[in-house]
Amino acid sequence: MAEKKLLNQTAIVTGANSGIGEGVAIALGKAGANVVVNYVVDPEAANAVVEKIKSFGSRALAIQADVSKEDQVIKMFQQTIQQFRTVDILVNNAGLQRDSKFHEMTLAQWQFVIDVNLTGQFLCAREAVKEFLRRGIVPERSVACGKIICMSSVHQVIPWAGHANYASSKGGIKMLMETIAQEYGKQKIRVNSICPGAIKTPINTKAWDTPEAYNSLMELIPENRIGVPEDIGKLAVFLASDDSDYISGASIFIDGGMTLFPGFATGG
Ligand code: BGC
């Protein structure tokens, strides 16, 4: 059996009822963590993730909370602490897209994406840091006082026409993550980002569900395959564990080479 690197640690994974969040929650559970499976809609899906994690012998709990709402985030942390005593790992994953041509983008489309993707990460990270500082380091569990993993995207560096709200939220996450990492490094709180490329999940179905779409997507990916949530789960376990103790403020791209300007493989 694989070593349980996160044994007795408690993780909150936001947006964990599907897609990348689900893959990360399952991977952390497999690594021995107690996992809070956060969701907004579809409690059945969240409960299925909980059951899967329990099947590895880890503890898990589904908690409904909209990460863009301060009172709901505070309540989720209170419920987590009540159940598992503390929080060691936050995976700021919840995110969505509301795509539109820029000149047609409504304020509501802009605001909704910024609220969930960026303000949601602020609210959850703030509660996590408060709890990390209150508790301090527990050497039997981890050499760190706490770990935050922000789910960013290749679009924190690749501009994305038709997605100004989404790309802006991911650019914002970069500076949010780096600033928190700088601010609390001395207290041994590690903060890093995962920057996925195209991962096969409900958020980007249109990019892979027909052969035409898939083939045109492959032109953007040197490795010539779409990623899967398990790819991201493995990286999340690494960043949450002491194996990555000297990594802080980093953005790790996990994209099959999408950020390598694939057009230049032949052009230029
Ligand atoms: C987006 C996906 C997209 C991928 C690569 C992600 O951040 O959410 O829709 O397929 O970036 O462009």
Side-chain angles (χ1 to χ4, degrees), residues 13-25 38-42 45 67-68 91-102 105 109-121 124 149-178 192-236 239 250-265:
V13 184
T14 65
N17 55 324
S18 79
I20 289 177
E22 174 179 1
V24 167
N38 161 256
Y39 69 99
V40 179
V41 291
D42 203 353
V67 295
S68 70
V91 183
N92 251 340
N93 168 77
L96 45 78
Q97 291 181 212
R98 287 295 178 273
D99 309 330
S100 162
K101 283 193 166 49
F102 179 70
M105 188 175 283
Q109 282 171 321
W110 169 266
Q111 199 69 58
F112 188 41
V113 171
I114 297 294
D115 280 354
V116 173
N117 295 14
L118 185 56
T119 307
Q121 293 217 9
C124 292
I149 299 168
C150 299
M151 206 52 72
S152 185
S153 164
V154 290
H155 297 297
Q156 78 168 36
V157 295
I158 303 179
W160 203 16
H163 311 262
N165 46 3
Y166 183 84
S168 302
S169 73
K170 297 300 182 179
I173 288 168
K174 175 179 186 289
M175 287 314 292
L176 174 66
M177 177 281 287
E178 290 178 6
N192 293 289
S193 283
I194 295 178
C195 302
I199 308 300
K200 193 173 185 185
T201 71
I203 207 172
N204 58 2
T205 310
K206 273 198 272 176
W208 50 262
D209 73 342
T210 64
E212 298 74 39
Y214 190 83
N215 289 338
S216 99
L217 182 62
M218 286 311 110
E219 288 177 20
L220 299 175
I221 307 176
E223 261 197 40
N224 213 38
R225 76 165 171 94
I226 192 165
V228 288
E230 291 75 17
D231 291 316
I232 310 298
K234 286 182 240 178
L235 179 54
L239 285 177
S251 288
I252 302 188
F253 288 82
I254 173 161
D255 63 355
M258 194 175 237
T259 34
L260 298 175
F261 296 98
F264 279 82

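For ligands, and for the atoms within them, numbers begin at 1 and follow the listed sequence. None of the values given here were measured: they were computed from a predicted structure.
Residue nearest to atom 8 (O) of ligand 1, selected from M151, Q97, K206: Q97 (by heavy-atom distance).
At least one side-chain heavy atom of I232 sits less than 4.5 Å from a side-chain heavy atom of I194. For the pair M177 and S152, the minimum side-chain heavy-atom distance is 4.5 Å or more. Taking 4.5 Å as the limit, some side-chain heavy atom of L118 sits within range of a side-chain heavy atom of I173.
The S153 neighbourhood of ligand 1 comprises atoms 6 (C), 7 (O), 11 (O), with distances under 4.0 Å to a heavy atom of that residue. Every atom of ligand 1 with a heavy atom of N204 under 4.0 Å away is listed here by number and element: 2 (C), 9 (O), 10 (O).
Nearest protein heavy-atom neighbour of atom 3 (C) of ligand 1: W160 CH2, 3.8 Å. Counting only heavy atoms of the protein, atom 4 (C) of ligand 1 lies nearest to G197 O, 3.6 Å. Residue, atom and distance of the protein heavy atom nearest to atom 6 (C) of ligand 1 are Y166 OH, 3.5 Å. From the protein, the heavy atom lying nearest to atom 5 (C) of ligand 1 is H155 NE2, 3.6 Å.
Applying the salt bridge (charged side-chain N to carboxylate O under 4.0 Å, His left out) criterion to K174, with sequence neighbours excluded, gives E178. In this structure Y166 satisfies the ring-ring contact (aromatic ring centres under 6.0 Å, His included) test together with W160, sequence neighbours excluded.
Judged by distance alone, the side chains of T205 and D209 never bring a donor and an acceptor atom under 3.5 Å apart.
At a 4.0 Å cut-off, not a single heavy atom of A207 sits close enough to ligand 1 to count as contact.
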